[in-house]
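In this chain, numbering begins with 1 at the start of the sequence shown. The structure presented is a predicted model; accordingly, all values stated were derived computationally and were not measured.
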Amino acid sequence: MQTATPIEAVLKRDRVVVMAGIVAVAALAWAYTIFAALTTGAAAGPAMAMPNMQSWSAAHWAGMFVMWMVMMVAMLVPSAAPVILIFATINRSRLTKGQPYVPTGVFLLGYLVVWGGFAAGATIGNWALHTHAMLSPMMGSSTNALLGGALLVAAGAFQFSRLQYVCLTNCRSPLSFIMTEWRDGMGGALKMGLRHGVYCLGCCWILMALLFVLGVMNLVWIAALAAFVMLEKIAPKGQLIGRAAGVLLVVWGGFMLATVL
């Protein structure tokens with residue numbers, strides 16, 4: 001049996017370490033999300049249970065942002081694992097050749113900064129819907145069938161858009177992305193993470209927004225959306241799965257709209 005070279009051994013060890021880190025981050029995020037959902041958002045987003053007339057304090061804003069941010073980490077970091085592992089492998093390989101090394105966390109930080117922006121926007125959306133009494137206090141789902149139906153139809157139609165196709169293609173080809181977008185140094189790694197985060201946001205943002213319809217604190221739908229995002233990105237027929245889901249969302253939303261129009 002051929003033994004691994006020292007370089008191969010180092011690369012294998014790094015891969016294990018990075019994968020363990022991804023699993024740990026995702027596990028902690030899921031643990032927090034489950035805790036927040038089981039306590040009906042009281043710990044993570046106390047505004048969820050507030051009377052609709054009451055203004056949000058800084059603690060309410062911070063709690064809701066943290067809830068959305070951690071939920072995005074739980075749902076999306078697992079599906080980003082392939083590109084993170086490839087970045088770590090190529091990065092370590094470059095180090096063995098005497099080229100600059102950048103911690104993998106810098107790349108991941110760029111990815112998370114993009115989704116932090118989404119979490120901020122979702123927090124504002126939460127506040128707006130809450131202020132107008134359009135969210136249920138228990139699961140945080142929209143109580144307005146017109147809004148819910150329109151969002152479902154929009155999400156379904158988006159699955160067939162050019163923007164979604166381009167962004168999903170880049171997410172489904174992590175090696176191609178790394179090879180074509182490689183930048184040296186800390187700043188370069190951060191820019192790569194930001195760029196990949198933008199592609200991920202571009203193909204998934206409206207699916208995450210569906211939580212306003214399905215329930216911001218509904219664990220079943222949170223898990224279902226996370227599983228769907230992963231399948232769409234890594235399954236052999238992921239794009240076909242996405243389009244089939246698009247049809248179902250349009251039909252579901254159309255039926256919901258038909259009941260109120």
Side-chain angles (χ1 to χ4, degrees), residues 19 22-23 25-27 29-30 33-34 37 68 71-87 108 111-112 114-115 118-119 122 139 141-142 147-181 193 195-258:
M19 193 65 218
I22 293 171
V23 171
V25 168
W30 273 108
T33 301
I34 291 169
W68 273 102
M71 191 159 57
M72 293 303 98
V73 171
M75 297 174 74
L76 296 166
V77 166
S79 66
V83 72
I84 296 171
L85 287 170
I86 291 174
F87 175 87
L108 179 59
Y111 182 86
L112 295 179
V114 173
W115 280 103
F118 174 85
M139 284 296 167
S141 56
S142 174
L147 173 64
L151 190 54
L152 285 166
V153 170
F158 185 73
Q159 291 297 105
F160 298 90
S161 69
R162 176 66 181 172
L163 175 61
Q164 201 272 351
Y165 173 80
V166 170
C167 291
L168 182 59
T169 298
N170 278 277
C171 288
R172 286 177 56 82
S173 307
L175 179 58
S176 176
F177 170 83
I178 292 295
M179 299 306 292
T180 57
E181 299 292 340
R195 191 166 183 83
H196 193 268
V198 168
Y199 282 132
C200 183
L201 178 67
C203 67
C204 300
W205 69 274
I206 200 164
L207 293 175
M208 300 299 106
L210 284 180
L211 288 172
F212 285 122
V213 180
L214 306 172
V216 174
M217 302 308 300
N218 189 317
L219 277 176
V220 173
W221 281 113
I222 292 172
L225 282 175
F228 172 74
V229 167
M230 182 172 287
L231 280 174
E232 192 176 33
K233 287 184 178 180
I234 68 176
K237 300 293 184 180
Q239 289 179 321
L240 291 180
I241 294 172
R243 295 194 172 190
V247 172
L248 291 175
L249 288 172
V250 169
V251 171
W252 184 3
F255 177 79
M256 188 178 291
L257 289 174

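- Inter-residue side-chain proximity for Cys204 and Trp115 is flagged as met; some heavy-atom pair is nearer than 4.5 Å.
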Check the pair Asn218 / Leu211 against side-chain contact (heavy atoms from CB on, under 4.5 Å), numbers first and verdict last. CA-CA 8 Å; Asn218 189 317; Leu211 288 172; over 6 Å; no

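- When side chains are defined from C-beta on, Ile234 counts as touching Pro82, because their heavy atoms get closer than 4.5 Å.
- Atom CE of residue Met72 and atom CH2 of residue Trp205 lie 13.5 Å apart, to the nearest 0.5 angstrom.
- Between Phe177 and Tyr199, the ring planes are perpendicular. Angles over 60° get that label, and only those under 30° would be called parallel.
- Between Val247 and Gln159 there is no side-chain heavy-atom pair separated by less than 4.5 Å.
- Closest approach of Val73 and Ala29 over heavy atoms only: CG1-CB, 3.8 Å.
- What you find for Leu151 and Ala209 is that their closest heavy atoms are CD2-O, 3.4 Å.
- Interatomic distance, CZ of Arg243 versus OH of Tyr165, reported as 8.0 Å (0.5 Å rounding).
- The distance from atom NZ of Lys233 to atom OG of Ser173, rounded to the nearest 0.5 Å, is 12.5 Å.
- Minimum interatomic distance between Tyr111 and Gly197 (heavy atoms only, all atoms of both residues): CD1-CA, 3.6 Å.
- Side-chain atoms of Glu181 and His196, non-hydrogen and from C-beta on, never get closer than 4.5 Å to each other.
- For the atom pair Leu225 CG and Met230 CE, the distance stands at 13.0 Å (nearest 0.5 Å).
- Residue Met179 qualifies as open at atom CE: its count of foreign heavy atoms under 6.0 Å is 12 or below.
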Please step through side-chain contact (heavy atoms from CB on, under 4.5 Å) for the pair Met208 and Leu201, ending with a clear verdict. CA-CA 9 Å; Met208 300 299 106; Leu201 178 67; over 6 Å; no

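- Here the side chains of Trp221 and Val213 are not in contact, with every heavy-atom distance at 4.5 Å or above.
- Across every non-hydrogen atom of Ala119 and Trp68, the tightest pair is CB-CB, 3.9 Å.
- Across all non-hydrogen atoms, the minimal contact from Leu231 to Arg172 is O-NH1, 4.4 Å.
- Looking at Phe160 and Gln164, their side chains never come closer than 4.5 Å, going by heavy atoms from C-beta outward.
- Residues Ser79 and Val229 come closest through the heavy atom pair OG-CG1, 3.9 Å.
- Atom-to-atom distance recorded for Met75:CE and Thr33:OG1 is 9.0 Å, nearest 0.5 angstrom.
- We find the CG-CG distance between Leu248 and Leu152 to be 11.0 Å, quoted to the nearest 0.5 Å.
- Looking at Leu214 and Val220, their side chains never come closer than 4.5 Å, going by heavy atoms from C-beta outward.
- Of the candidates Leu249, Ile206, Leu207, Ile206 is the only one forming a side-chain contact (heavy atoms from CB on, under 4.5 Å) with Phe158.
- In this structure, Met71 and Val216 have side chains that are in contact, with non-hydrogen atoms separated by less than 4.5 Å.
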